[in-house]
Amino acid sequence: MKNHSLLINLIVFFLVLFFFIIPPAFFPSRPVETISFPGTNLVLFLFSIFLFYFTQKKDLKKNKNNFFKLIVNSVLCFLSLFALGMIFNFIAFHFSQKTNAIFLPETKKEVFYIALSFLFSAFYEEILYRLYIPEQIKSFVCKIKSNFTVFVISEIPVLFLFALAHKYNGIFSVLNAGCAYIILRFFYKKTGNIFVNVASHFFYNLTMLFLALI
């Protein structure tokens, strides 16, 4: 993380928490009635770009992973998410629960808009939930000597917040999102490269959309 003053870090952290993390977890979202250009997601995407450069080290080339390893980890992460999604979709189907809260696209333009929305939201969610929030919390409690305590404080609340942000899609979507958080966070910690997460998250969403269309 970049070195900013504690006051600046606290202000940005609580602004992000109360404006971007708390609302989707605790306040009901409006059902999607039409498929149009994802303007809101575009704004969130642009904000996440700012947050990424606000928090990251100046030298982003320090990551030792080569391109091949990043591709392999992206594929492994995607396959893990896909297997998890299939399991929860099967369980949801068994219990006659809906797992898709959006209208399926009927035209090429609507498919493009949804794909664009998936790209924006994948980048935004990975920056906030897998990178910024847990790492910022860790920096605040870095003086705690117990690694387990640091883990509980920085990971568990974020996991629940990310899971609850998917409550609009039903209980199985919440459970799926909670398990997906563990997978995505694991791959970020393993590679140190958030774009592995973004790619696997985006292609997972795109694949699930494709399966819903066929």
Side-chain angles (χ1 to χ4, degrees), residues 1-2 12-13 16-17 20-21 24-25 38 41-57 59-89 114-139 150-151 154-166 169 173-211:
M1 306 289 282
K2 281 187 179 179
V12 173
F13 176 79
V16 170
L17 189 65
F20 298 100
I21 302 297
N41 282 351
L42 174 60
V43 172
L44 295 175
F45 169 73
L46 295 174
F47 169 75
S48 62
I49 291 176
F50 157 76
L51 197 61
F52 178 77
Y53 283 102
F54 175 80
T55 58
Q56 292 308 289
K57 294 179 180 179
D59 185 8
L60 298 177
K61 297 180 180 179
K62 288 183 178 180
N63 192 300
K64 301 290 184 180
N65 290 297
N66 61 38
F67 183 73
F68 177 74
K69 287 184 177 180
L70 294 178
I71 293 296
V72 169
N73 279 286
S74 297
V75 172
L76 290 175
C77 186
F78 164 77
L79 291 176
S80 301
L81 293 174
F82 181 74
L84 182 70
M86 288 294 96
I87 291 170
F88 277 105
N89 271 277
I114 287 186
L116 206 58
S117 177
F118 285 166
L119 178 61
F120 292 156
S121 61
F123 191 88
Y124 163 71
E125 290 183 357
E126 293 309 313
I127 294 298
L128 261 71
Y129 291 99
R130 252 67 71 185
L131 175 58
Y132 176 71
I133 294 294
E135 293 299 325
Q136 190 65 71
I137 293 175
K138 283 176 66 177
S139 73
V150 172
F151 172 81
S154 62
E155 301 291 349
I156 304 302
V158 188
L159 184 155
F160 279 105
L161 288 169
F162 180 70
L164 288 175
H166 294 77
N169 225 359
S173 182
V174 171
L175 295 174
N176 183 33
C179 295
Y181 174 90
I182 297 172
I183 293 172
L184 289 161
R185 183 70 174 146
F186 168 80
F187 275 95
Y188 171 69
K189 296 295 290 183
K190 179 183 179 183
T191 65
N193 191 310
I194 198 64
F195 295 103
V196 167
N197 290 46
V198 173
S200 54
H201 190 159
F202 169 66
F203 283 109
Y204 164 75
N205 286 342
L206 212 58
T207 301
M208 299 306 285
L209 172 64
F210 173 76
L211 292 177

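Everything numeric here is computed off the predicted structure, so don't read it as measured data. Reckoned from all heavy atoms, side chains included, excluding hydrogens, waters and symmetry mates. Note that the numbering runs from 1 along the sequence shown for the chain.
Note: N193 CG to K69 NZ = 13.0 Å, rounded to the nearest 0.5 Å. Distance CZ/F210 to CZ/F203: 14.0 Å, rounded to 0.5 Å. The structure places CG of L76 at 11.0 Å from OG1 of T191, a figure rounded to the nearest 0.5 Å. Within the model, atoms NE2 of H166 and CG of L175 stand 12.0 Å from one another, a figure rounded to the nearest 0.5 Å. One distance of note links OG of S74 with CG of L79; it measures 10.5 Å at 0.5 Å rounding. Distance check, rounded to the nearest 0.5 Å: CG of N89 to CG of L84 gives 9.5 Å.
Using a 4.5 Å heavy-atom threshold, the side chains of I156 and F160 count as touching. In this structure, the side chains of L184 and E125 stay at 4.5 Å or more apart for every pair of heavy atoms. In this structure, the side chains of F120 and V43 stay at 4.5 Å or more apart for every pair of heavy atoms. Between P134 and Y188 there is no side-chain heavy-atom pair separated by less than 4.5 Å. Here the side chains of F186 and S80 are not in contact, with every heavy-atom distance at 4.5 Å or above. Side-chain contact between F123 and L44: absent, with no pair of heavy atoms (C-beta onward) separated by less than 4.5 Å. Side-chain contact check for C77 versus I183: some heavy-atom pair is nearer than 4.5 Å. When side chains are defined from C-beta on, F13 counts as touching I133, because their heavy atoms get closer than 4.5 Å.
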> Yes or no on side-chain contact (heavy atoms from CB on, under 4.5 Å) for F82 and M208, after CA distance, side-chain angles and deciding distance?
Replying inline: CA-CA 8 Å; F82 181 74; M208 299 306 285; 4.2 Å; yes
> Could you walk me through whether F88 and C179 pass the side-chain contact (heavy atoms from CB on, under 4.5 Å) check?
Replying inline: CA-CA 10 Å; F88 277 105; C179 295; 4.0 Å; yes
> Q136 and V16: side-chain contact (heavy atoms from CB on, under 4.5 Å), yes or no, with the steps?
Replying inline: CA-CA 11 Å; Q136 190 65 71; V16 170; over 6 Å; no
>> Working note: H201 + V198, criterion side-chain contact (heavy atoms from CB on, under 4.5 Å); need CA distance, chi angles, decisive distance, verdict.
In response: CA-CA 5 Å; H201 190 159; V198 173; 5.8 Å; no
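Nearest heavy-atom pair across A180 and L81 is CB-CD2, 3.8 Å. Closest heavy-atom contact between E126 and I194: O-CD1, 3.5 Å. Closest approach of I137 to S154, counting heavy atoms only: CG2-CA, 3.7 Å. Between Y204 and G85, the closest heavy-atom pair is OH-CA, 3.5 Å. Closest of all the heavy-atom pairs between F20 and L128 is CB-CD2, 3.8 Å.
For F202, there are no ring pair (Phe, Tyr, Trp, His ring centres under 6.0 Å) partners two or more places apart in sequence or in a different chain. With sequence neighbours left out, E155 forms a salt bridge (Lys or Arg N to Asp or Glu O under 4.0 Å) with R185. S117 is linked by a side chain to side chain contact (heavy atoms under 4.5 Å, CB included) to P38, N41, counting only residues two or more places apart in sequence or in another chain.
Y124 contributes no side-chain N or O that, together with a main-chain N or O of L42, makes up a donor-acceptor pair within less than 3.5 Å.
A ring pair (Phe, Tyr, Trp, His ring centres under 6.0 Å) with F52 is found for exactly one of Y132, F47, F45, F195, namely F195.
Figure legend: cation-pi geometry between R130 and F162, with NZ or CZ positioned under 6.0 Å from the six-membered ring centre and within 45° of its axis.
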